[in-house]
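This report refers to the structure that appears directly beneath it.
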Amino acid sequence: MTTEVYLPPDTLSRPDRPAYEELSKKAEEDPIDFWAGIARELEWFQDFQAVFEGNGVTGKWFLGGKCNIVANTLDRHAKTWRKNKLAIIWEGENGETRTLSYHALNREVTRLATVLKSMGINKGDRVTIYMPRIPEQVIAMLATAKIGAVHSVVYGGFSTDALRERMMSAESRLLITADGGYMNGKVVPLKEIATEAIKRVPSLESVIVVKHIGQEVSMEPGRDYFYHDLMSLKLANLVQTEPMDAEDPLFILYTSGTTGKPKGVVHVHGGYMVGAYCSTKWVFDIRDEDRYFCTADPGWITGHTYVTYGPLINGATLLLYEGGPSTPYPDRWWHLISKYGISIFYTTPTAIRGLMRYGDAWPKRHDLKQLRLLGSVGEPINPAAWKWFHRAVGDGQCPIMDTYWQTETGMICISPLPETPLKPGSCAKPLPGMGAEILTESGEPCGPNEEGYLVLTRPFPSLARTLYKDPEEFQRIYFSKFPGKYFTGDTARLDEDGYFWVIGRSDEIIKVSGYRLGTAEVESGLVSHPAVAEAAVIGVPHDIKGNVIKAFVALKPGFSPSIALEEELKAHVGHEVGPIAKPESILFMDNLPKTRSGKILRRLLRAKELGLDTGDVSTLEE
Ligand code: WTA
């Protein structure tokens, strides 16, 4: 099979930028020196004494170093000419706009950090952030990090149960939320959802509410405070950025694991900061004259690393847009790109496929000539969508960075750089300093183009340090299948040119529209309905969303299947877990196929659904 190769335009050649080969060679020859050099491009309160101490790919980085990611995100720029540069351009779904310079962002973050401190939030305390995509979402993250507290951002598209579970697990003392947000023309009543969610979170002491949509919300005196009231208090002494140990936690981000409840992936100040910094610089080649737009929500890892920390550490101007791509029309993003002169645009294959459906006319209406680089993340991008993105949005002039990575890796692992020849659908090669392999079930390297398990083979600083309160599970999930290597859970193949082609998940994680969901989360949402005895869900391929959820449900005695009940169950999951977790379809069954030990055989349901070989069914219960 021959694949088309797209060469980068000449305009991208950068004599001042080390080439991929040069960086990779340096990393290979002396990885310790390589990572130390990158780390020392950033500011440290105290230099580190050792670069890496570990075992296989896991370990500690920059030992003895004192830093704070916020010192590099804000303080550093506020001391230079960049203080007057725009950090954030914001546009709401309804069209209102705000801008914050680095100076202004630093001022707001410092004020909020001082407020948090005065409310008794200390180093190490957990703060949950449940917000729409407004500047205060980023401000809340940075203010929390500035005082050394740990943020846990929960995506605004999650609902009561999902939010409650995440706050309980993190034992959050504070929740920062908003009265509501706008998404795809609808109001999301965040405070209302939060009020319900916190009822059973004993650790929670206070709630800060940003007024955004201006809707009346119930406030409990002594617990709930309006952000704007707190921010206008006379603050005597503004806090300084807290010097943290390089290995101190920066944030917990809950994400679906292979089993059970969402896992709290823990990232630390030092290593994460270094990874966010260099990957943004390499992959997006961010320069001072750029305007950068990543459509991700800070509630997901892409929004942590490539909306918030990576671009800001690099002193970039970023566009934060609150709403959906089709509101009011399917050219909202193209309009934003032309309106703000965006030069780097990073989004998901689902969004690209969704907008491609509306045809070339929508991007053609807008002047997209400022664009020079495009990016894709979250799921494999099919060549047809890649080519449309390249042609209709990038005018054939903008290379597409298909970036492969995960919540756990904190930074992009496999991706082209702007000068890399591209193959549509392939995420190209490991970044400098990274190593990846494809292995068979028994751990042998696969041959060219042979599908196998994707593993990471070399230590890098931004890999998660643990799962919150569950270090054993961390070891088991990621390091037990192939000892000494990091197991990604994805399958992929490697072609004869050393290009990686990610195929998809090999476990119980389903990527729906690029959102990461676990079968267990959706199933527990279903079984919490009084009619449901048992439920199993699987991912089924979908032209636009990549995958959709199909549920199999056995009802309790006294309930019978109906279209009305199917709709009720979907709405129930939407309410409990979040709209993104709603099954596309539900099949009612008398019994679900189980092993003799009582485990639901999802594999069998999936094979039947997709017309695949059902494999070994000898363990099937009679
Ligand atoms: C998938 C998102 C193919 C993959 C940053 C991974 C991708 C999971 C790509 C992590 C890509 C991410 N090509 N698949 N470029 N990027 N994935 O934690 O299955 O939300 O394991 O992080 O997304 O999802 P997560």
Side-chain angles (χ1 to χ4, degrees), residues 153 155 157-158 251-258 262-267 272 275-276 279-280 283 294-310 346-353 374-383 385-386 389 400-416 420 422-431 434 436 438 451 453-456 462-464 467 477-478 486-494 499-518 521 539 541 545-547 580:
V153 185
Y155 174 54
F158 278 123
F251 66 82
I252 305 173
L253 184 54
Y254 284 89
T255 190
S256 316
T258 46
K263 314 275 178 274
V265 173
V266 178
H267 284 287
Y272 175 79
S279 55
T280 310
V283 176
C294 169
T295 63
D297 189 283
W300 300 89
I301 191 67
T302 306
H304 280 61
T305 311
Y306 300 110
V307 172
T308 307
Y309 291 111
Y346 189 26
T347 191
T348 64
T350 288
I352 298 164
R353 288 188 293 259
L374 301 172
S376 167
V377 63
E379 41 177 333
I381 178 163
N382 48 310
W386 194 103
F389 195 32
I400 299 175
M401 305 295 102
D402 178 359
T403 63
Y404 170 84
W405 60 297
Q406 307 179 310
T407 306
E408 293 86 341
T409 66
M411 71 187 276
I412 295 168
C413 303
I414 309 179
S415 167
T420 310
L422 304 170
K423 300 188 186 189
S426 162
C427 53
K429 300 184 180 187
L431 286 193
M434 299 257 180
I438 314 277
E451 179 174 346
Y453 297 109
L454 176 61
V455 297
L456 301 177
S462 71
L463 185 63
L467 293 176
I477 297 177
Y478 306 105
Y486 170 84
F487 176 55
T488 63
D490 285 303
T491 56
R493 61 186 180 85
L494 182 60
Y499 276 55
F500 284 80
W501 299 76
V502 177
I503 295 161
R505 303 290 315 180
S506 65
D507 54 14
E508 259 125 55
I509 290 170
I510 310 176
K511 284 276 176 147
V512 181
S513 302
Y515 295 121
R516 177 167 162 174
L517 293 166
E521 276 167 286
K545 298 176 179 175
N547 296 286
I580 52 170

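Small disclaimer: the values here were computed from a predicted structure and weren't measured. Remember, it's 1-based here, ligands and their atoms both numbered in the order they're listed.
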Practice problem: Report the residues that fulfil salt bridge (Lys or Arg N to Asp or Glu O under 4.0 Å) with K545, sequence neighbours left out, ordered by chain and then residue number. | Solution: E584

Quiz item: Side chains of S256 and R516: donor-acceptor distance under 3.5 Å anywhere?
Solution: no

Self-check item: Ring centroid separation F487 to Y478 under 6.0 Å
Solution: no

Self-check item: Donor-acceptor side-chain pairing of T305 and Y272 below 3.5 angstrom
Solution: yes

Exercise. Could you please provide the protein residues found below 4.0 Å of ligand 1 on a heavy-atom basis, arranged by chain and number?
Key: I301, T302, V377, G378, E379, P380, D402, T403, Y404, W405, Q406, T407, D490, V502, R505, K511, R516

Quiz item: Relative to each other, are the rings of H304 and F251 parallel, tilted or perpendicular (30° and 60° limits)?
Solution: tilted

Self-check item: T350 backbone acceptor or donor facing S513 side chain under 3.5 Å
Solution: no

